[in-house]
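Only one structure is covered here, and it is reproduced in the block below.
We use all heavy atoms of the structure for the numbers below, so side chains are in, but hydrogens, waters and symmetry mates are not. Chain identifiers are assigned alphabetically (A, B, ...) following the order of the sequence lines, protein sequences preceding nucleic acid strands; residue numbering begins at 1 within each chain.
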2 protein chains.
Amino acid sequence: MNYSISEENYIKAIYRLQSTREPVSTNALAVELDTKPASITDMLKRLKVKKLVIYYPYQGCRLSAEGTRLALGIVRRHRLWEYFLAEKLKFNWNEVHDIAEELEHVSNGQLIERLDAFLGFPRFDPHGDPIPDSSGKIATPSQVKLTTLGAHTKAKVSGLADQSQDMLNLLQQRNITIGTIVEINKKFGFDHSLEIKIPGNPPFIMSEQAAQNILVHHELEA
Amino acid sequence: MNYSISEENYIKAIYRLQSTREPVSTNALAVELDTKPASITDMLKRLKVKKLVIYYPYQGCRLSAEGTRLALGIVRRHRLWEYFLAEKLKFNWNEVHDIAEELEHVSNGQLIERLDAFLGFPRFDPHGDPIPDSSGKIATPSQVKLTTLGAHTKAKVSGLADQSQDMLNLLQQRNITIGTIVEINKKFGFDHSLEIKIPGNPPFIMSEQAAQNILVHHELEA
DNA sequence: AATATTTTTTAGATTTGCCTAAAAATAAAA
DNA sequence: TTTTATTTTTAGGCAAATCTAAAAAATATT
Ligand SMILES: [Mn+2]
Ligand SMILES: [Mn+2]
Ligand SMILES: [Mn+2]
Ligand SMILES: [Mn+2]
């Protein structure tokens, strides 16, 4: 019923990787957790004994029902702390992740429920990712890539697919942040680049590559 | 520059015990940390290598300058989190300790400074203990035992020497909590018991033993 | 001072979580 | 279908943090 910080980090990593490829390979986990594949195999055997993962040698792994339940709890804690750090302590939305990576392991049921109430039961973290509720229910992220929108539509930036420093710099350059309303003026068929307008700034061109990394809330479409 | 959770807990325990008896004995530490004396000896050798403690076999230990600096940082984090838990998350002052025991190990300098600012730079934790500032300065606790006050004096309850469940029950019974203004009506020489009055309640008798565990702020004296 | 008791340390194990190097299994290419 | 390359596992080791049992040192008692 009580897991180590390492175990929790493994479970969360599997949860994340699982959403794009299942089963999750040993090597993918090694990259994600910045450890050696041999260490992954080691831990997967332990997690299997504890019935948190389904794992057969050479076949990769996936979370069991119990593992999924645990993962959602960790994700909940992570995202609630991120919200707290951004909203109450005024951290920048790109600084909150590393701190939440530690806070997420402080597991006191009461603590998280009260934090949730104190924050006013937020539904999304500062990156636009949904926060699971106390029973583990999680909203399907109503986010779509900016490239999927048609010309002459508006949407609110709610997240990033790739949060590399390069990407963050590009956004800073363009005055785009979480919550910014972006409007697509034109789409260029040749290289699929977009002409984008944001309030208070002149229009500018963005490459398809960059636009694919920007996630927006679909609802706002004009 | 970066210490494990165990190391931090040892340093904090030495800091606490040091305030009453120095040097700190191996057995005292074993009791405080709920481990075996052999484990203490082991860890003291490691902490000595890291120059956090002064330790010679059979002679007990004390904190080095660096160890003291570290201890004050941990105490600062612990007490700021306790304040947060009580003030913002509405935890009872006797529930905050265990949670802060975990949160204190999340060591991100920025985090603690911003938390401090968010809380309005509190000077005392919910138990009335002083919170070290960011440079490690700590106020001498202006607390005295209730027994040291003379008859016909008033004072504000600010802490407890012993926080056992029995003690907490006794206080609950008498409607005494942190912040309560207590007035000493009489002192009985025979058994050193006290007649005490608190606003809105009839006077009652308290044993010397109990009164010694109640810490008050001296300033309020009538 | 000699003996008994308590405190502390050493010796030897165990668990967790990681590593490197080598072997084995699987997948891809020739 | 061999051969080659990649992925994954095994084997063996190491450091941290704990334990038990036994030895040694320090204290207390007779
Ligand atoms: Mn983490
Ligand atoms: Mn996030
Ligand atoms: Mn602690
Ligand atoms: Mn306290």
Side-chain angles (χ1 to χ4, degrees), chain A residues 1-14 17-18 20-63 67 70-71 74 101-102 104-107, chain B residues 1-14 17-18 20-63 67 70-71 74 101-102 104-107:
Chain A
M1 288 281 170
N2 213 23
Y3 303 103
S4 74
I5 291 176
S6 274
E7 288 170 329
E8 289 193 348
N9 283 335
Y10 272 77
I11 292 297
K12 193 154 66 82
I14 296 168
L17 294 175
Q18 224 174 221
T20 48
R21 266 176 304 282
E22 203 190 313
V24 176
S25 78
T26 299
N27 265 7
L29 265 173
V31 170
E32 179 79 9
L33 290 167
D34 195 28
T35 53
K36 302 294 159 176
S39 308
I40 301 291
T41 302
D42 245 32
M43 181 63 103
L44 285 179
K45 286 191 279 194
R46 285 195 294 269
L47 293 177
K48 184 183 187 174
V49 169
K50 297 190 179 187
K51 297 188 190 300
L52 293 174
V53 302
I54 321 291
Y55 163 71
Y56 295 100
Y58 298 102
Q59 309 244 130
C61 68
R62 67 178 70 72
L63 293 177
L70 175 58
I74 304 164
E101 201 59 49
E102 294 191 54
E104 70 188 358
H105 304 293
V106 177
S107 62
Chain B
M1 290 278 169
N2 214 21
Y3 303 103
S4 75
I5 291 175
S6 274
E7 288 170 328
E8 290 194 346
N9 283 335
Y10 272 77
I11 292 297
K12 192 153 65 82
I14 296 168
L17 293 177
Q18 224 173 222
T20 48
R21 265 177 304 281
E22 204 187 314
V24 176
S25 78
T26 299
N27 265 8
L29 266 172
V31 170
E32 180 79 8
L33 290 166
D34 196 26
T35 53
K36 302 294 161 179
S39 309
I40 301 291
T41 302
D42 244 33
M43 179 64 102
L44 286 179
K45 286 191 279 193
R46 285 195 295 271
L47 294 178
K48 184 183 187 174
V49 170
K50 297 191 180 187
K51 299 189 190 298
L52 293 175
V53 301
I54 322 291
Y55 163 70
Y56 295 99
Y58 299 102
Q59 308 244 131
C61 68
R62 67 176 70 71
L63 292 178
L70 176 58
I74 304 164
E101 200 58 48
E102 294 191 53
E104 70 188 357
H105 304 293
V106 176
S107 61

Requested in this report: Any salt bridge (Lys or Arg N to Asp or Glu O under 4.0 Å) involving residues 21-34 of chain A? Give me the pairs, sequence neighbours left out, ordered by first then second residue.
Outcome: A/R16-A/E32, A/E22-A/R62

Query - All side-chain hydrogen bond (donor to acceptor under 3.5 Å, both in side chains) counterparts of B/K50, not counting sequence neighbours - result: B/E7

Report task. Could you encode protein contacts along nucleotides 9-24 of chain D as a string, one character per nucleotide from 5' to 3', using B for base contact, S for sugar-phosphate-only contact and - for no contact, with a heavy-atom cut-off of under 4.0 Å? Result -> BB------BBBB----

Query raised in the report: Checking side chain to side chain contact (heavy atoms under 4.5 Å, CB included) for the pair B/N2/B/S107: CA distance, chi angles, key distance, verdict?
Result: CA-CA 9 Å; B/N2 214 21; B/S107 61; 4.1 Å; yes

Query raised in the report: Can you tell me if the side-chain N/O atoms of B/N27 get under 4.0 Å from OP1 or OP2 in C/dT6?
Result: no

Query raised in the report: What distance do A/E8 atom CD and A/L52 atom CG have between them, rounded to the nearest 0.5 Å?
Result: 10.0 Å

Requested in this report: Decide yes or no on side chain to side chain contact (heavy atoms under 4.5 Å, CB included) for B/V24 and B/V53, but give the supporting numbers first.
Outcome: CA-CA 11 Å; B/V24 176; B/V53 301; over 6 Å; no

